[in-house]
Amino acid sequence: MYVAVKGGERAIDNAHAWLAEERRGDPGVGELTVPQIREQLSLAVNRVMAEGSLYDPDLAALAIKQARGDMIEAIFLIRAYRTTLPRIGHAKPVDTGAMACDRRISATFKDVPGGQVLGPTFDYTHRLIDFALAAEGEAPRSEQADPLPGTMPRVTEYLNLDGLIQPEAPSDDTPPDMTRQPMEFPAGRSLRLQALTRGDEGFVLGMAYSTQRGYAKNHPFVGELRIGTVAVEIDIPELGFAVEIGEVVLTECETVNQFTGSKTEPAQFTRGYGLVFGQSERKAISMALVDRALRWAELGEDNLGAPAQDEEFVLSHADNIQATGFLEHIKLPHYVDFQSELELVRRLRAEAQQAGTSAESGGTAPQSVEAAE
Amino acid sequence: MSAYNFAYLDEQTKRMIRRALLKAIAIPGYQVPFASREMPMPYGWGTGGVQVTAACLTPEDRLKVIDQGADDTTNAISIRKFFETTAGVETTERTGEATVIQTRHRIPEAPLGDDQILVYQVPIPEPLRFLEPRETETRRMHALEEYGLMHVKLYEDIARHGAIATSYAYPVKVEGRYVMDPSPIPKFDNPKLESAAIQLFGAGREQRIYAIPPHTRVVSLDFEDHPFVASKADHACDLCGAEQSYLDEVIVDDAGGRMFVCSDTDFCATRQAEGHRGRFSPEAAE
């Protein structure tokens with residue numbers, strides 16, 4: 001006879017135990033260490049830090065290990081941890097102009113002061129599986145040059161000198177904090193950039209790609225892409241001055257976009273901006289393209305109804321933690337709702353059937369009336 | 001878990017949520033934006049309800065958590081465990097003994113009292129969302145009390161199907177002002193929205209909190225010639241014989257045999273303990 005299903009608690013405990021065993025995999029194979037992940041899967045670590053909105057390579061590596069390599073799950077672990085951390089202060093805006101660059105390229109000029117520096121990039125590798133990597137070998141070494149002297153000037157500043165590029169208005173306003181205030185629309189650029197930098201890489205990439213394919217096309221060039229280390233400074237009220245508390249690696253992308261002018265703006269180049277934790281080039285470029293597409297109103301462009309121009313659409317769907325949670329929640333029991341739907345469908349079908357039969361009998365009735373007449 | 005504050009959230013966050021709750025109580029049915037936090041369970045799995053519960057709990061509270069009316073569904077167990085660990089509060093499966101009840105998709109059958117708080121988990125707080133996807137638009141519609149679109153939708157249902165084809169998350173009007181989504185409870189539960197208890201609704205992902213204060217008028221939308229009917233399966237519970245409780249349909253064999261049982265497990269167990277019997281009760285079957 002039927003008894004209500006009990007023992008959910010034991011099932012959950014057993015599922016967790018099995019999950020832990022699966023995470024470890026074959027115990028005959030050596031266990032991954034957190035430093036191994038941090039050092040050898042560093043681009044995965046970067047993505048987890050960027051979308052987790054927390055700069056901590058060790059913690060991100062641990063999250064990747066715990067999540068069995070599921071990036072969104074790892075990002076989720078970092079986000080959930082991040083919310084529990086107290087706010088001890090706010091950093092001063094980081095100066096990416098003073099970045100110690102590992103990589104810095106411009107697609108708009110053949111050469112620029114400071115030079116084109118390729119850095120550690122996949123760009124010109126041939127994507128051939130390197131079977132030698134399957135065997136353990138000596139750690140590869142690359143040739144070392146002297147550190148780059150001084151700071152790299154910004155490429156877009158050269159355009160700015162001639163007034164050829166739209167200037168960015170400086171502001172000392174305290175930016176809004178999307179992790180402490182509910183999102184409201186219109187969000188404004190500052191909030192948009194916050195949402196984009198922690199947005200899902202795949203989603204932001206797809207949105208950016210759609211603008212390249214003609215949905216609100218805005219002809220971007222990578223004015224400059226730079227990756228490197230910047231200092232983080234924080235004002236210490238007791239001391240009365242700012243103290244450097246550490247360094248972070250950032251990827252910054254400024255796009256230069258063709259712009260023939262609008263009702264409000266003269267013909268000039270315009271900008272899109274991307275800034276992401278770690279070496280995250282694809283994300284930074286994507287972010288810059290989407291940022292530019294979302295600026296249509298400010299630049300007096302037409303709203304073409306393209307998805308990437310729609311702030312509410314982009315910002316409401318960019319967060320993979322929100323998206324995956326809501327998507328996956330349909331695995332949860334819904335049998336109460338399903339039951340009410342079952343009853344509704346049954347009733348509608350019964351009524352339709354009844355109406356069908358009465359329509360048929362109704363069809364014969366007038367005939368008999370006619371016959372009677 | 002001593003590294004975390006009582007009921008997980010820090011006091012600053014709780015204060016922010018309590019402010020939103022007070023505002024929600026003051027404007028029945030109005031969706032108050034709040035800075036929802038990332039919780040250690042996924043969005044869509046009750047993060048809004050969990051935050052509201054966390055902000056309401058005191059160490060003296062007795063908590064009950066149900067999902068689909070049952071205390072033993074996996075997610076209900078998971079949330080109950082979360083508060084057992086982070087708040088150390090007493091928990092119960094008895095509706096009458098609980099001071100705070102967090103629920104997903106049901107209102108308990110037993111009437112609630114004025115010393116109880118019912119916390120709903122809400123996936124989509126906006127009743128107009130499926131008619132208008134833009135938040136900027138729907139907020140304006142609420143502000144102007146512009147609910148014509150909803151009535152047109154219900155009317156179209158009648159024109160097409162002969163009945164209003166909404167069986168759960170059936171929209172209500174609260175205290176004659178705001179149209180509100182009661183969360184995906186079956187419409188059978190709608191009459192119970194007029195209650196002596198405080199009813200709080202939390203939508204974590206959508207960052208909204210709303211409320212129905214005790215004894216507030218809650219009217220399910222309908223038309224004079226098509227009045228609202230709180231329907232349920234036309235059966236009695238096969239375990240406790242109850243005729244006025246919401247039923248789950250359970251497939252019991254591979255020949256399509258089925259039985260109906262109360263979705264509210266505490267209600268059913270209480271009735272069985274009182275000696276009520278249904279068609280398939282072990283004793284009745286003998």
Side-chain angles (χ1 to χ4, degrees), chain A residues 1-9 11-12 15 76-84 86-87 177-186 310-313 316 319 321-348 351-352 355, chain B residues 4 8 10 13 33-40 42-45 47 67-70 72-78 81 104-106 123 134-136 161-163 165 167-169 184-188 205 207-208 231-233 238-239 246-250 252 259 261 263 265 268 280 282 285:
Chain A
M1 203 62 266
Y2 170 80
V3 260
V5 188
K6 292 273 175 192
E9 190 151 1
I12 291 174
F76 186 11
L77 287 168
I78 293 295
R79 288 269 192 95
Y81 176 73
R82 180 193 194 276
T83 36
T84 65
R87 296 288 175 95
D177 181 348
M178 69 174 294
T179 68
R180 286 293 182 271
Q181 287 144 14
M183 181 63 80
E184 277 181 68
F185 300 106
D310 188 332
E311 175 185 274
E312 190 171 338
F313 179 83
S316 300
D319 191 288
I321 303 307
Q322 292 178 352
T324 202
F326 196 55
L327 181 108
E328 295 197 49
H329 105 279
I330 60 176
K331 293 184 283 193
L332 290 178
H334 280 80
Y335 44 77
V336 162
D337 296 344
F338 186 69
Q339 184 63 37
S340 60
E341 289 285 274
L342 262 180
E343 282 151 27
L344 179 70
V345 170
R346 280 182 187 140
R347 196 170 58 248
L348 291 178
E351 280 164 13
Chain B
Y4 293 107
Y8 184 76
D10 59 280
T13 301
F34 83 111
S36 173
R37 300 291 194 251
E38 267 121 352
M39 298 300 285
Y43 285 118
W45 298 54
T47 55
D67 187 337
Q68 315 294 301
D72 53 7
T73 36
T74 42
N75 205 39
I77 292 169
S78 168
K81 245 182 149 172
R104 176 167 171 264
H105 294 189
R106 276 309 312 275
R134 269 170 213 286
E135 180 67 12
T136 35
H161 310 292
S167 57
Y168 61 91
I185 56 172
K187 67 176 184 176
F188 172 81
R205 191 180 41 80
Q207 309 186 315
R208 295 291 183 273
S231 61
K232 64 179 268 290
D238 285 328
L239 293 182
Y246 192 76
L247 300 174
D248 289 336
E249 185 173 330
V250 185
V252 286
M259 65 183 290
V261 292
S263 110
T265 46
C268 197
F280 290 162

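Note that the coordinates shown come from a computational prediction; the quantities given were computed from them, not determined experimentally. Letters go in sequence order (proteins before strands), and every chain restarts at 1.
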Indicate the atoms forming the closest heavy-atom contact of [X] with [Y], along with that distance.
| X | Y | answer |
| --- | --- | --- |
| B:Ala233 | A:Gln339 | CB-NE2, 4.3 Å |
| A:Pro333 | B:Gln68 | O-NE2, 2.9 Å |
| B:Gln207 | A:Pro182 | OE1-CA, 3.3 Å |
| A:Lys331 | B:Trp45 | CE-CZ2, 4.1 Å |
| A:Gln322 | B:Arg205 | O-CD, 3.4 Å |

Side chain / backbone / both / neither for [X] at chain B, heavy atoms under 4.5 Å:
| X | answer |
| --- | --- |
| A:Leu332 | both |
| A:Thr179 | backbone |
| A:Leu77 | neither |
| A:Ile321 | both |

Rounded to the nearest 0.5 Å, how far does [atom2] of [Y] lie from [atom1] of [X]?
| X | Y | atom1 | atom2 | result |
| --- | --- | --- | --- | --- |
| B:Leu247 | A:Ser340 | CG | OG | 12.5 Å |
| B:Ile77 | A:Ile12 | CD1 | CD1 | 5.0 Å |
| A:Gln181 | B:Ser36 | CD | OG | 14.0 Å |

Does a side-chain heavy-atom distance below 4.5 Å link A:Glu343 with B:Pro186?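 Side chain of A:Glu343 against side chain of B:Pro186, heavy atoms only: no contact under 4.5 Å found.
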Close side-chain approach of B:Thr73 and A:Tyr335, heavy atoms under 4.5 Å: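 Heavy-atom side-chain distance check passes, below 4.5 Å.
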Identify which of B:His161, B:Glu135, B:His105, B:Arg208 forms the greatest number of heavy-atom pairs closer than 4.5 Å to chain A.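 Most pairs with chain A among the choices: B:His105.
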Out of A:Asp337, A:Thr84, A:Leu327, which one racks up the most heavy-atom pairs below 4.5 Å with chain B?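 The candidate making the most pairs under 4.5 Å is A:Asp337.
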Which atoms of B:Thr136 approach chain A - backbone, side chain, both or neither, heavy atom under 4.5 Å: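 The answer is both parts of B:Thr136.
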Contacting region of B:Tyr246 [heavy-atom separation from chain A under 4.5 Å]: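 For B:Tyr246, the side chain is the part near chain A, not the backbone.
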Salt bridge (charged side-chain N to carboxylate O under 4.0 Å, His left out) between A:Asp310 and B:Arg134, worked out: CA-CA 11 Å; A:Asp310 188 332; B:Arg134 269 170 213 286; 2.5 Å; yes
Checking salt bridge (charged side-chain N to carboxylate O under 4.0 Å, His left out) for the pair A:Arg346/B:Glu249: CA distance, chi angles, key distance, verdict? CA-CA 13 Å; A:Arg346 280 182 187 140; B:Glu249 185 173 330; 2.8 Å; yes
Could you check whether B:Arg104 and A:His334, counting side-chain N and O atoms only, form a donor-acceptor pair closer than 3.5 Å?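 Judged by distance alone, the side chains do pair up.
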Please check if any side-chain donor atom of A:Glu341 sits under 3.5 Å from a side-chain acceptor atom of B:Ser167, or the reverse.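 The answer is yes; a qualifying pair exists.
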Output all residues satisfying side-chain hydrogen bond (donor to acceptor under 3.5 Å, both in side chains) with B:Arg106, sequence neighbours left out; order by chain, then residue number.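 Here the qualifying residues are B:Glu109, B:Asp189, B:Ser263.
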Check ring pair (Phe, Tyr, Trp, His ring centres under 6.0 Å) between A:Phe76 and all other residues, then give those that pass, not counting sequence neighbours.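 A:Phe76 satisfies ring pair (Phe, Tyr, Trp, His ring centres under 6.0 Å) with no other residue.
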More than 12 non-hydrogen atoms from neighbouring residues, nucleotides or ligands closer than 6.0 Å to CZ on A:Phe338, yes or no?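 Incorrect, the count does not exceed 12.
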